[in-house]
> 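Dropping the structure in here first, questions after.
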Number of protein chains: 2
Amino acid sequence: MRREFKKKSKILLIDDNYEHLVGIRELLNLEGTFDVVGIATNVTVGLNLIKKSQPDIVLLDMNMPDRDGLQGITEIAKLDLGTKVLALSGYDDADLIFRAMKLGAKGYVLKTMASAQLIYAIEEVINGKIYLPLALSSRFFEYFQQSFREESEKQTSDEENLLSYLTQREEEVLELLTQGVTYKGVAGKLFISETTVKTHVNNIFQKLQVNDRTQAVLYAINNGFLSKKVKMGV
Amino acid sequence: MRREFKKKSKILLIDDNYEHLVGIRELLNLEGTFDVVGIATNVTVGLNLIKKSQPDIVLLDMNMPDRDGLQGITEIAKLDLGTKVLALSGYDDADLIFRAMKLGAKGYVLKTMASAQLIYAIEEVINGKIYLPLALSSRFFEYFQQSFREESEKQTSDEENLLSYLTQREEEVLELLTQGVTYKGVAGKLFISETTVKTHVNNIFQKLQVNDRTQAVLYAINNGFLSKKVKMGV
DNA sequence: CTTAATATTGACCATATGGTCTATATCTTT
DNA sequence: AAAGATATAGACCATATGGTCAATATTAAG
């Protein structure tokens, strides 16, 4: 009884497979706690519907022509209506999962999952949580760790990181170079003469086997010199 | 009976809290499917024990002096014995969880969790899976998405990405600059005179509001010029 | 104590880089 | 046809950058 008075969550479905779309709508309508405010077979139409009906959550298919699905996440986020996106996909492509989550999807579910689990996922997301089924989060983490592993392997693969040969002072100089500071600036900041800076810089070039500051900076960035930052394929 | 013959998984515990260490050992011994081959109250000792006893899995406390826990993950990985690490922590610090997983931990559990869940986690990890309790994976994903959100906001926060004002030709020149190519080199590669390169470069500086090539390159890298790469706080 | 590594500086020079101004030649758009 | 954006290029100049050699002070290692 009381449930009748509780405001239903508004949900919108986007999937290029019309039959599937209708199927899910029926399922959710049967469930009764959701209000399916619209369905769309492509992102463009979906975006317009979102603007009009301002759903709480969008069930967005990832396996659509081009990369409409991923782009859809971004575009829905751009609307800045706080719409939550639950990604939906036919298979557990780790790369797709990773990208979807990176772009801000609040969850990712498979079409093959039991309807009860789908409904549970929707509820969790509406309640502000992030929902990734165990199987998918495993895929995600494998992919996640893999990309970092490759990255760190790449860094040390050239025998040793040449950066390790730099002396402390040389590192200080290089750090300033990576901030775009000029020689004169470095001299000022380190309270040494410009000549000294040049000497250090020359030694840095020798050790990093480069011929100019730009290459040195690039080497530093690409080899984890700014240890706080790590790059990651997207 | 047959279980007696099944090879038990070797497990090693590292935690600076000795009582906790002993407690877990007792728990695992009671369980019977594990063989606790060693305990250590610091990483250094732990590493030596790992080398000797080659455990399948290490339960590694994250809340140790300095950042011993995180470093421990890296150092265990460096041993290259295929040792799996299950991180253990007193509280659900999102940053810690994120870093631990990034460094290759196969899972993360809280000391407050029911012992049954701990045992389940250990078994999952031993079986090659990644185990993150729902609550922690939520923390993880919030943190994960947050860092990407901040990154993309940072990129477009200055109204618009200044890179978008560059003409096609200017982009080509800038791209070569980001590869450490000299003016002469650019001229050669684009079949134009060095003077023309300089003109383009000057225009680039104007548009990006910088004064030298290093700054231009840094701007390009930090603002998604190499759109395939994204940086991420670690 | 002696040697080696590091940090510092000066001098000198060649070339690269960056700033400014002017001037064509295309190409697109109005 | 005219206006605007783009790509091209020369001239001139000031400064920054990079290369090389030599020298001193300090510190670390043997």
Side-chain angles (χ1 to χ4, degrees), chain A residues 158-227, chain B residues 158-227:
Chain A
D158 330 326
E159 299 118 80
E160 279 302 321
N161 195 329
L162 297 178
L163 289 170
S164 65
Y165 296 137
L166 298 185
T167 69
Q168 186 134 27
R169 201 55 162 171
E170 286 161 0
E171 281 185 4
E172 294 177 56
V173 173
L174 179 55
E175 173 157 3
L176 290 171
L177 291 192
T178 63
Q179 291 165 20
V181 180
T182 166
Y183 285 0
K184 199 173 300 211
V186 175
K189 285 181 193 256
L190 298 184
F191 303 108
I192 54 181
S193 86
E194 211 177 319
T195 309
T196 308
V197 176
K198 282 164 67 174
T199 307
H200 286 313
V201 169
N202 266 307
N203 291 333
I204 292 171
F205 290 168
Q206 298 291 321
K207 292 184 180 178
L208 301 189
Q209 298 167 19
V210 300
N211 341 290
D212 60 51
R213 62 191 290 125
T214 307
Q215 287 175 14
V217 167
L218 289 171
Y219 185 94
I221 291 176
N222 288 325
N223 289 81
F225 185 67
L226 313 165
S227 56
Chain B
D158 329 328
E159 299 119 83
E160 280 301 323
N161 196 329
L162 297 178
L163 289 169
S164 63
Y165 297 138
L166 297 184
T167 68
Q168 186 132 29
R169 201 55 162 169
E170 286 160 359
E171 280 185 5
E172 294 177 56
V173 172
L174 180 55
E175 173 156 3
L176 290 171
L177 290 191
T178 64
Q179 291 167 19
V181 180
T182 167
Y183 285 0
K184 201 172 300 211
V186 175
K189 285 180 192 256
L190 298 185
F191 305 107
I192 54 182
S193 85
E194 211 177 321
T195 310
T196 308
V197 175
K198 283 165 66 174
T199 308
H200 286 314
V201 169
N202 267 307
N203 291 333
I204 292 171
F205 290 169
Q206 298 291 321
K207 292 185 179 177
L208 301 189
Q209 298 166 19
V210 299
N211 339 292
D212 59 51
R213 64 192 288 126
T214 307
Q215 288 174 13
V217 167
L218 289 172
Y219 185 94
I221 291 175
N222 289 324
N223 289 81
F225 186 65
L226 313 163
S227 57

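Values in this document were obtained by computation on a predicted structure and should not be read as measured data. Chain letters run A, B, ... following the sequence lines, proteins first, then strands; residues in each count from 1.
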> Write down the distance between CG (A:Leu177) and P (D:dT17), rounded to a whole number of angstrom.
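The answer, rounded to whole Å, is 9 Å.
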
> Where do N or O atoms of nucleotides 8-11 of chain C meet protein N or O atoms at under 3.5 Å, pair by pair?
unit_1	atom_1	unit_2	atom_2	d
C:dT8	OP1	A:Arg169	NE	3.1
C:dT8	OP1	A:Arg169	NH2	2.8
C:dT8	OP2	A:Arg169	NE	2.8
C:dT8	OP2	A:His200	NE2	2.9
C:dT9	OP2	A:Ser193	N	2.6
C:dT9	OP2	A:Thr196	OG1	2.7
C:dT9	O5'	A:Thr196	OG1	3.3

> Given D:dA7, C:dG18, D:dT17, which nucleotide is nearest the side-chain atoms of B:Thr167?
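That would be D:dA7.
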
> Does OP1 or OP2 of C:dG18 have a side-chain N or O of B:Asn202 closer than 4.0 Å?
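No.
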
> Can you tell me the distance, in whole Å, between the OH atom of B:Tyr183 and the C1' atom of C:dA14?
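These atoms are roughly 18 Å apart.
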
> Whole angstroms only, please: what is the CZ-C1' distance between A:Phe205 and D:dT20?
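Computing the A:Phe205:CZ to D:dT20:C1' distance gives 15 Å.
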
> A:Asp212 CG to C:dT17 P: how many Å, rounded?
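So the CG-P distance, A:Asp212 to C:dT17, works out to 7 Å.
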
> Take atom CD of B:Gln206 and atom P of D:dA5, then tell me their distance rounded to the nearest Å.
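It works out to 16 Å between those atoms.
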
> Grab the CZ-C1' distance between B:Arg213 and C:dG19 for me, whole Å please.
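Whole-Å distance recorded here is 16 Å.
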
> Whole-Å distance between C:dG19 P and B:Asn211 CG?
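Taking CG of B:Asn211 and P of C:dG19, I get 7 Å after rounding.
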
> Sub-3.5 Å donor-acceptor pair from the side chain of B:Tyr183 to the main-chain atoms of B:Val201, do we have one?
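Answer holds: no.
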
> To the nearest 0.5 angstrom, please state how far the CG atom of B:Leu176 sits from the NE2 atom of B:His200.
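Rounded to the nearest 0.5 Å, the CG-NE2 separation comes to 11.5 Å.
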
> Of the non-hydrogen atoms in B:Leu177 and A:Thr214, which two are nearest, and what is the gap between them?
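Shortest heavy-atom separation between B:Leu177 and A:Thr214 comes out as O-CG2, 3.6 Å.
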
> What distance do A:Glu170 atom CD and A:Tyr165 atom OH have between them, rounded to the nearest 0.5 Å?
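The CD atom of A:Glu170 sits 13.5 Å away from the OH atom of A:Tyr165.
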
> Identify each atom pair where a protein N or O and an N or O of nucleotides 25-30 of chain D are less than 3.5 Å apart, giving names and distance.
none

> For B:Gln215 and C:dG19, what is the distance between atoms CD and P respectively, to the nearest whole Å?
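Answer to the nearest Å: 10 Å.
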
> Do any side-chain nitrogens or oxygens of A:Thr182 fall under 4.0 Å of OP1 or OP2 in D:dT17?
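For D:dT17, OP1/OP2 do have a side-chain N/O of A:Thr182 under 4.0 Å.
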
